Number of protein chains: 2
Amino acid sequence: MKNIKPIDTLSLVDKVEIRLLEFFKNNNLKPGDPIPKELEFTESLGVSRTVIREALLRLRTLGLVESKKHRGMVLTEPDIINNFSRILDPSLLGTGILKNLFELRLILEMGMADFLFERKTQKDLDELEEIVVNEEEQDSDKSHFSLDKEIAFHGKLYQISNNKTLQGFQQLLLPVFEYVHLKNEPQDFKHRYSSGRFVTHRMLMENIKVGTPETFRNAMRHHLEPHFDSIFKEEQRNSSISEV
Amino acid sequence: MKNIKPIDTLSLVDKVEIRLLEFFKNNNLKPGDPIPKELEFTESLGVSRTVIREALLRLRTLGLVESKKHRGMVLTEPDIINNFSRILDPSLLGTGILKNLFELRLILEMGMADFLFERKTQKDLDELEEIVVNEEEQDSDKSHFSLDKEIAFHGKLYQISNNKTLQGFQQLLLPVFEYVHLKNEPQDFKHRYSSGRFVTHRMLMENIKVGTPETFRNAMRHHLEPHFDSIFKEEQRNSSISEV
DNA sequence: TATTCGTATTATGTTATACATATATTATGA
DNA sequence: TCATAATATATGTATAACATAATACGAATA
């Protein structure tokens, strides 16, 4: 049973999708360019309109094409992120991917420093200052942790980095962040103040003003310490269990 | 014209998609759980099977459900990334998003340090060593830059970080990286050796072995310097032009 | 008794056709 | 000339029918 190769089990829609992508590339179509009508594809590819529609629907779902109601379809710049916001609901996800996404947020915030410093403007700094002041006024008693303020501050950082895809990502990760946060708040809160090197939003902001990407990364690492700790501590717990 | 509200312009498929998602949440369905048949939805929602199919197809395209051929559909853990690899072809993308994605890669590699150090194993280090040695042997004359070796090394780092979503991301960014690299190679290559603080793969590897996340981030920043520079220099060029 | 084969069942995959509806263009009428 | 109406067009939706693959179950065979 060696010289016999498996037949392709691809569905017609699969094949048509591939053909469509080839067509776009071969004809060097770019975002904004109109594409042929469903019926034209039906003729040239020799399959039913349903199949064409399903293949096109996939590409639409992924944001590669857009249908101008009743007038035709055009290629579009795929918005990689926003399509997923529809389905990325923590209540629909398994714990594995939630963990991955939460980690991804930490990675992004640790990694964005250079862009932050390169692209910050005076206006950005003023707005950031306002956010911090607002936050300090509201919970001057420091007795509770406000998720809104947390999001306002960190969201502003993403905005300063001025990368649309990155910002879209933050929007995507927001519900995950909320979800994980709600589950862990008590411990988080305790940790924040038991840590010897707690870094506040104000300290981060000052760092952006007068520091360097390098100093900022270290500050951010301490700011995020509770999250890193909770991830790593749990892993150590699990591994020590499995060793027994 | 105040008391009249705009009618919803959503298509039937849009509405059905929303209903399906609500259904999944309300019934607390999780990845792995089977979902009702197309015809059952047809009856309970009162629309044609066509519409049900299109709505389900969207969710399949996004990776939220999976169809077991001819046996039904189940909820799945959405693979956020891999679905996009189909359409994320540099030749189909505009320059804006390409730039964003390239930047994203830099952010990820700068931000992953803590996970790298937390999760590295002896096996990982051995494999990384092998990659570096292999690379050094092949282009001992240092006269050319091998994309393959670059990918092997950095890909291994993603792997060590042990975050599936992150690894998927790297796969996604790979064609973008290749594309940008091919366009910029001459300058890149020159830059690598004109910079005073060039950090090789070997130096990065040694850092992973004996350093800390902090030292590694600094090393990685220097390793990626050519890329950061090319992005920031171009921005400064553009802004100085627009000021004139 | 256990294995294999055939068959019924079932749900998705595919085709075909018709009609609905929104948009742009063209034709019509005052 | 201008507003209105008719028309063409492309996608959106509905319906019916058949194809096909996966599974389960029962019959045939050793």
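For the numbers below, each heavy atom of this structure counts, side chains included, while hydrogens, waters and symmetry mates do not. Letters A, B, ... are given to chains in the order of the sequence lines, protein chains preceding strands, and every chain is numbered from 1. Since we're looking at a predicted model, the values are computed, not measured.
Nearer to the 5' terminus of DNA chain C, by closest-nucleotide assignment, is the contact made by A/Glu54 (compared with the other of A/Glu54 and A/Arg49). Map B/Leu39 and A/Val51 each onto its nearest nucleotide of DNA chain C; the residue landing nearer the 5' end is B/Leu39.
Atom-to-atom, CG of B/Leu12 to C1' of D/dG12 comes out at 8 Å; the value is rounded to the nearest Å. In this entry the distance linking CD of B/Glu66 with C1' of C/dG13 reads 16 Å, nearest Å. Between the CG atom of A/Asp14 and the P atom of D/dA21 there is a distance of 14 Å, rounded to whole Å. One interatomic measurement links the two molecules: CD of B/Glu38 to P of D/dA14, which rounds to 14 Å at whole-angstrom precision. Between A/Leu10 atom CG and D/dA21 atom P the separation is 13 Å, expressed in whole Å. Taking atom CG on B/Leu57 and atom P on C/dT12, their separation rounds to 13 Å, with Å as the unit. Rounded to whole Å, atom C1' of C/dA24 lies 12 Å from atom NZ of A/Lys37. As rounded to whole Å, 15 Å separates atom C1' of D/dA14 from atom CG of B/Leu45.
Side-chain N/O atoms of B/Glu109 and B/Tyr158 include a donor and acceptor closer than 3.5 Å. Residues A/Asp89 and A/Ser91 bring a donor and an acceptor atom of their side chains to less than 3.5 Å of each other.
Dashed line: the shortest gap from a side-chain N or O of A/Ser67 to OP1 or OP2 of D/dA10 is not under 4.0 Å. For A/Arg53, a side-chain nitrogen or oxygen approaches OP1 or OP2 of D/dG12 to under 4.0 Å.
Between A/His154 and A/Phe177, the distance separating the two ring centers is not shorter than 6.0 angstrom. Between A/Phe115 and B/Phe228, the ring center distance clears the sub-6.0 Å criterion.
Note on A/Ser11: only backbone sugar-phosphate atoms sit closer than 4.0 angstrom, heavy atoms only; bases stay farther off.
Remark: the backbone N or O of A/Asn100 is paired with a side-chain donor or acceptor of B/Asn163 at under 3.5 angstrom.
Candidate nucleotides D/dT13, C/dG13, D/dT11 were compared by shortest atom distance to the side chain of B/Ser48, and D/dT13 ranks first.
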